[in-house]
Amino acid sequence: MKQPSIGKLISLISRVNQRKLASQLKAFGIGSGGAHSYLKAILQRPGQSQEQLTSDLKFDKATTTRTVRQLEEAGYIERRTDEKDRRSIRLYPTQKGKEFAPTLQAILDESNSRLTRDLTAAEQRQFVQLLQKVYGSLLDQTEGKE
């Protein structure tokens, strides 16, 4: 039997991991589809615009709009009009979002542990370095084409 392609393996790993994360986050009202990535990014950089978030996370605008709305309705983030540019909206975590941050991080840490549990510490470091190298290469190849 032919070995699966690298892209297929990455996709399979991502899907299995996302399903597990979605089931863990469902109890907290956090939707699937990477909502945890949005919340984490907003917690790390409060006040960023939706456009910045879309660019940083490499999702499309429609997905960002939908996910931001879901997180807002769940009470984890809020939108505020930029005081300097009234046309711009900035995203901030609410108190609920800030209080949830340690729980979210624990769930994400557990996910990373699950993904790498059969790797030694050295293999984990190498794995991350290789993934970053592949990701950087892809960005270099597609820069300006998004």
Side-chain angles (χ1 to χ4, degrees), residues 4-119 123-146:
S5 71
I6 293 169
K8 182 69 170 178
L9 284 171
I10 291 170
S11 178
L12 290 170
I13 291 166
S14 178
R15 277 191 297 227
V16 170
N17 190 56
Q18 289 300 316
R19 264 198 314 268
K20 178 66 174 172
L21 279 173
S23 72
Q24 290 178 288
L25 293 169
K26 186 176 183 179
F28 300 100
I30 306 252
S32 58
H36 60 280
S37 297
Y38 285 93
L39 180 55
K40 186 169 178 174
I42 294 166
L43 285 162
Q44 289 175 333
R45 279 191 29 213
Q48 65 186 293
S49 70
Q50 206 162 295
E51 292 77 20
Q52 288 170 317
L53 194 58
T54 298
S55 176
D56 291 349
L57 295 180
K58 308 297 184 228
F59 283 98
D60 60 70
K61 289 179 183 181
T63 300
T64 299
T65 299
R66 183 175 51 255
T67 305
V68 164
R69 187 178 333 112
Q70 290 169 349
L71 288 170
E72 185 178 33
E73 289 170 358
Y76 289 102
I77 65 166
E78 64 183 353
R79 300 175 206 218
R80 295 185 205 157
T81 303
D82 188 318
E83 294 175 5
K84 295 176 183 170
D85 180 359
R86 307 290 292 164
R87 298 169 295 169
S88 184
I89 303 294
R90 301 287 174 177
L91 305 171
Y92 294 90
T94 61
Q95 189 61 37
K96 178 180 177 178
K98 292 175 189 174
E99 290 170 1
F100 181 65
T103 302
L104 175 61
Q105 192 57 55
I107 290 169
L108 296 175
D109 289 345
E110 178 190 337
S111 174
N112 282 334
S113 293
R114 205 173 38 250
L115 286 167
T116 59
R117 74 174 185 203
D118 293 333
L119 302 178
E123 288 172 331
Q124 288 179 29
R125 284 189 299 277
Q126 183 181 25
F127 184 57
V128 169
Q129 289 171 341
L130 291 170
L131 288 172
Q132 288 173 330
K133 188 174 184 177
V134 169
Y135 180 61
S137 175
L138 285 173
L139 286 181
D140 289 346
Q141 293 172 38
T142 60
E143 195 163 279
K145 296 180 183 178
E146 294 184 273

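Counting from 1, the numbers follow the sequence of the chain as shown.
Salt-bridge check for Glu123 with Arg125: failed, with every basic side-chain N at 4.0 Å or more from each acidic carboxylate O. The residues Glu73 and Arg69 are annotated as not salt-bridged, no charged nitrogen and carboxylate oxygen being separated by less than 4.0 angstrom. Under 4.0 Å is where a charged nitrogen must lie from a carboxylate oxygen, and between Asp56 and Arg45 at least one such pair does.
Summarising the geometry of Leu9 relative to Pro4, their closest heavy-atom pair is CD2-CG, 3.9 Å, with the distance given to 0.1 Å. When all heavy atoms of Leu108 and His36 are compared, the closest pair comes out as CD2-CD2, 3.6 Å. The minimum heavy-atom distance between Ser55 and Lys58, with the atom names listed, is O-NZ, 3.0 Å. Residues Ala35 and Ile30 approach most closely at CB-CG2, 3.7 Å, considering heavy atoms. The shortest non-hydrogen separation linking Ser49 to Gln52 is N-OE1, 2.6 Å.
With contacts defined as side-chain heavy-atom distances shorter than 4.5 Å, the pair Arg90/Gln50 does not qualify. Two residues are said to be in side-chain contact when any heavy atoms from C-beta on lie closer than 4.5 Å; Leu119 and Gln126 fail this criterion. Counting heavy atoms from C-beta outward, Phe100 and Leu39 have side chains that approach closer than 4.5 Å. Using a 4.5 Å cut-off on side-chain heavy atoms (C-beta onward), Leu91 and Leu53 make contact. Side-chain contact between Gln129 and Lys133 is absent, with no heavy-atom pair separated by less than 4.5 Å. The side-chain heavy atoms of Asn112 and Gln124, taken from C-beta on, include no pair separated by under 4.5 Å. Residues Thr63 and Thr54 are not in side-chain contact: their nearest non-hydrogen atoms beyond the backbone lie 4.5 Å or more apart.
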| message | Could you walk me through whether Tyr76 and Leu43 satisfy the side-chain contact (heavy atoms from CB on, under 4.5 Å) test, starting with their C-alpha distance in whole Å, then the side-chain angles of each, then the deciding distance to 0.1 Å, before giving a yes or no? | response | CA-CA 10 Å; Tyr76 289 102; Leu43 285 162; over 6 Å; no

| message | For Val134 and Ile6: C-alpha separation, side-chain torsions, deciding distance, then whether side-chain contact (heavy atoms from CB on, under 4.5 Å) applies. | response | CA-CA 11 Å; Val134 169; Ile6 293 169; over 6 Å; no

| request: Please step through side-chain hydrogen bond (donor to acceptor under 3.5 Å, both in side chains) for the pair Gln105 and Lys40, ending with a clear verdict. | output: CA-CA 8 Å; Gln105 192 57 55; Lys40 186 169 178 174; 3.0 Å; yes

| task | Starting from the C-alpha separation in whole Å, work towards a yes-or-no answer on side-chain contact (heavy atoms from CB on, under 4.5 Å) for Leu25 and Leu104. | result | CA-CA 8 Å; Leu25 293 169; Leu104 175 61; 4.1 Å; yes

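Counting only distance, with no hydrogens or angles, the side chain of Gln48 and the backbone of Ala41 share a donor-acceptor pair below 3.5 Å. Looking at Thr64, its side chain does come within 3.5 Å of a backbone N or O of Asp60 through a donor-acceptor pair. Formation of a donor-acceptor pair under 3.5 Å by the Ser88 side chain with backbone atoms of Asp85 is not found in this model. Side-chain N or O atoms of Ser14 include none that pairs as donor or acceptor with a backbone N or O of Ile10 at under 3.5 Å.
For the pair Arg79 and Tyr92, the cation-pi test (distance below 6.0 Å, angle within 45°) is failed.
Rounding to the nearest 0.5 angstrom, the gap separating the OG atom in Ser113 from the CG atom in Asp109 is 6.5 Å. We find the CD-CG distance between Glu110 and Leu115 to be 10.5 Å, quoted to the nearest 0.5 Å. Atom CD1 of residue Ile89 and atom CD of residue Glu78 lie 11.5 Å apart, to the nearest 0.5 angstrom.
For Gln141 and Ser137, the side-chain atoms include at least one donor-acceptor pair closer than 3.5 Å.
Other residues, nucleotides and ligands place more than 12 heavy atoms under 6.0 Å from the NZ atom of Lys96.
Proximity of the aromatic rings of Tyr38 and Phe59 is defined here by a centroid distance below 6.0 angstrom, and this criterion is met.
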